[in-house]
Amino acid sequence: MMEETRAGGLPAFFRLVSLDSCGSTNDEAKELARSGALEGTLVWALRQTGGRGRRGRVWTSPPGNLYCSLILRPDMPAAAAALVSFVAAIAVAEAVSALIPGRPQLKWPNDVLVDGAKISGILLESEAGAAGRLDWLVLGVGINVAHRPEGLPYAATSLAAAGAAELDVAVVLGRYASSFAAWYARFRQQGFAPVRAAWRNAAFGLGGPITVRLQDGQFEGRFIDLDAEGGLLVETGDGLRRVTAGDVFFA
Ligand code: BTN
């Protein structure tokens, strides 16, 4: 069942499309984007049957957690627009932070951690138009509210496990959406600098040892910084390396 509303309770930026169930909210949003849906269209499903994570992984999506995908049409080059994933990570961290006793941390590129365990995932997909300009971005966000997945190669947690009193997915969506709207406006007006500052302020493992796993191997070093283009800077025995895609692990 699909229902489109003027986003009751959400900032005016959003047009909410609510679904009971779908394959992937990212796929629903991509289809809407291709057929001309406006920036701010937000697809929210109570469950997904084909939830997708980064690098083709499965995102297990039972009812009780948050699954949403937002259509954005920023008029900027694709590389700059990709920085929206950091905006989203900060917005998720802010939303989570308001609901739990502890302070969430951010793990490059855009995981949100609580007590070192992943509570949220972000999947950004985009399509360029005829002139090579970005046509749309779909920003998919999953937050573990009631359930945490098991059997993963990394630690996972949920708002429930982290001691949140509020487990209403609609409330979590509202908090995330409000934070995102504010941070996205800041990003559009001021660029990446304030986003980068907020991200570094909450970064997990900054200054410490890090292992970076790439498509074709891995290396170790010290996590030096997030650079002004969203790259990860790692000091190694062979000098400074800049990483634009990969998974990171901390000892
Ligand atoms: C990751 O691998 O960490 C990213 C996970 C992204 C999951 C969200 S849930 C809503 C949206 N729909 C999907 O199929 N994936 C994203």
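Note that the coordinates shown come from a computational prediction; the quantities given were computed from them, not determined experimentally. Every number for a ligand or one of its atoms is a count from 1 in the order of the listing.
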Heavy atoms of Ala202 and Arg103 approach each other most closely as CA-NH2, 3.8 Å
Take a 6.0 Å sphere around CD of Glu127 and say whether it holds more than 12 heavy atoms from other residues, nucleotides or ligands. yes
Checklist entry - When you look at CG of Asp115, are more than 12 heavy atoms from neighbouring residues, nucleotides or ligands closer to it than 6.0 Å? => result no
Classify the angle between the aromatic ring planes of Phe86 and Trp199 as parallel (below 30°), tilted (30 to 60°) or perpendicular (above 60°). perpendicular
Ligand 1: which protein N/O atoms lie under 3.5 Å from its N/O atoms?
| unit_1 | atom_1 | unit_2 | atom_2 | d |
| --- | --- | --- | --- | --- |
| ligand 1 | 2 (O) | Arg54 | N | 2.7 |
| ligand 1 | 3 (O) | Lys118 | NZ | 2.6 |
| ligand 1 | 12 (N) | Thr25 | OG1 | 3.1 |
| ligand 1 | 12 (N) | Gln48 | OE1 | 2.9 |
| ligand 1 | 14 (O) | Ser24 | OG | 2.8 |
| ligand 1 | 14 (O) | Arg52 | N | 2.7 |
| ligand 1 | 15 (N) | Arg52 | O | 2.7 |

### Task
Could you tell me whether Gln190 atom CD has more than 12 heavy atoms of other residues or ligands within 6.0 Å of it?
yes
Taking Arg133 first and then Asp75, would you say they form a salt bridge - that is, a charged N and a carboxylate O separated by under 4.0 Å? yes
